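Structure first, commentary second.
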Amino acid sequence: MYYNLHVEFIELKKQLKSQKPAPCYICYGDDDFVLDRALSLLTGLASEPKPFNCVDKEFALARELTDELMQLPLLGEYRVVVARGKTDMAAVESYLKKPNPASVLVLPVYTPHDSWNRATAPNIPSGAMGVDCNRLSLRNVNPFVAALCARTKSVMDEKAIVLLYSRCGGYMTRINSETQKLAMLRAGDKITEADVTENVKADTEFVVFELCDSILAGDPARALAIVDGMAKNNDLVAAFTLIYNRFRKIFAAAVDPDGIGGIGVKSTQVGKLKSEGTKYGKLRLKKVLDMLEQADYGYKTGSTTVYDALTGFVVQAAYAKN
C-alpha cells in the first residue's frame, strides 16, 4: 500500500515498469503537456479491450465513481478510471481504505500558470500517489528537444536550447511546437541561438523577467523598449500580475530570506531571489510594489490605458532609490 507518496513525472514511467501501480494517482501541476503525458502513461495500464477497460469522464455522483472502480477488467489485469472535474474526495478516501486491486483511479488537477512558481501538491489521501507535473527542468527538456530535432537530422546547440526554454517559459507545449518548427526550418543543419531569437516569440513570463531585471538595474530606456515590444506581442494585463508576483517574491526574500522557500518558489529561484532581496533592499522594493499597485488601480478604474499605466510605472520604478 502507498501512503502519501509523491513522484516526479520524469520518474513515473520507470516506476510503472518496476512495480505494481498504486490504487490512485493524483496528477497535478502547471504544465498541461506534461500532465497529459502522465495521463497517457497511466491509461496505458488499461488492458485490452481498451474501450471497456479505460473510462475517462466526469462523475456527477460519488456512487457512480465507486461503482465504476469496483468493476473487474475484461480479459486483462487492470481497468483505469480517469475522474475529471470536481471529485468527492471523501468518497475517494473511503474507497482507498479497501480499493479494488484491479482498478487504477487517476485524478488530473490542472493548475493555472503562475510565473516562477511550482504548483503545490494537493492533499494526497492515504493509498494514493501524487504525480508532480509542473514544468520540467532544463536538464530534462534537453533529451526531448534532441529527439525531436533528430527526426529532421538537425541539431540544436546548447545556447539555443537554453534560450528556447526561457522564451517558452519552460512550458512543454510551446517547447514541443517551437522545436518542431525550428527542426523543419533547419532540417539537416544546426539550430543556433540566432535561429531561436529570430523565429521564437518570447513568452510573456520571459519578457516580464527581463523587464523586472531592467527596472531593478535602473535602466528605464531598456525597460521602456521591452514594454513597447510587449505592447505588440504580449498581454499587458497579464503582465501586471506577473510583474507583481515577481516583485512580491523579491520583497518577501528581503523581509524573510529563510522563509522564501515556503511560499511555493522553485528551489532553483530561491538563491536569485535572496540575492536580489539583499541587493535592492526592503525600502526600495516596497516603493516599487506601491507604484505598481497605483498603476494597476489606474488602468482598472479607466483613468489611464494599460499601456500608459505600465510605461508610467516602469519609468518611476526604474528611478526609485532606497
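Because the structure is a prediction, the values reported are computed rather than measured.
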How many angstroms lie between atom [atom1] of [X] and atom [atom2] of [Y], to the nearest 0.5 angstrom?
X: Arg167; Y: Glu210; atom1: CZ; atom2: CD; answer: 7.0 Å
X: Arg284; Y: Phe247; atom1: CZ; atom2: CZ; answer: 8.0 Å
X: Asp195; Y: Leu164; atom1: CG; atom2: CG; answer: 11.0 Å
X: Arg84; Y: Leu39; atom1: CZ; atom2: CG; answer: 5.5 Å

>> Please check: side-chain N/O of Ser103 versus main-chain N/O of Pro99, any donor-acceptor pairing under 3.5 Å?
In response: no
>> Under the rule for salt bridge (charged side-chain N to carboxylate O under 4.0 Å, His left out), what residues qualify as partners of Glu178, not counting sequence neighbours?
In response: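 Salt bridge (charged side-chain N to carboxylate O under 4.0 Å, His left out) list for Glu178, sorted by chain: Arg174, Lys181.
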>> Test side chain to side chain donor-acceptor pair (under 3.5 Å) on Asn134 and Tyr28; report intermediate values, then the result.
In response: CA-CA 7 Å; Asn134 283 294; Tyr28 65 91; 5.5 Å; no
Just so I know, are the side chains of [X] and [Y] near enough to count as touching, which here means a heavy-atom distance under 4.5 Å?
X: Asn53; Y: Pro49; result: yes
X: Leu45; Y: Val80; result: yes
X: Leu105; Y: Leu96; result: no
X: Leu185; Y: Glu198; result: no
X: Phe313; Y: Gln294; result: no
X: Arg246; Y: Lys249; result: no

>> Clusters formed by hydrophobic residues whose side-chain heavy atoms approach within less than 4.5 Å: which one holds Leu74, and what are its other members?
In response: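 Leu74 shares its hydrophobic cluster with Phe52, Leu75.
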>> Just to verify, what does Asp88 make a side-chain hydrogen bond (donor to acceptor under 3.5 Å, both in side chains) with, not counting sequence neighbours?
In response: none
> Going through the distances and angles, do Tyr171 and Asp30 end up as a side chain to side chain contact (heavy atoms under 4.5 Å, CB included)?
Replying inline: CA-CA 8 Å; Tyr171 291 111; Asp30 65 6; 4.2 Å; yes
>> Can you classify the ring geometry of Phe240 versus Tyr299 as parallel (below 30°), tilted (30 to 60°) or perpendicular (above 60°)?
In response: tilted
> Under 6.0 Å from the NZ atom of Lys190, do we count more than 12 heavy atoms belonging to anything else shown?
Replying inline: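 Open.
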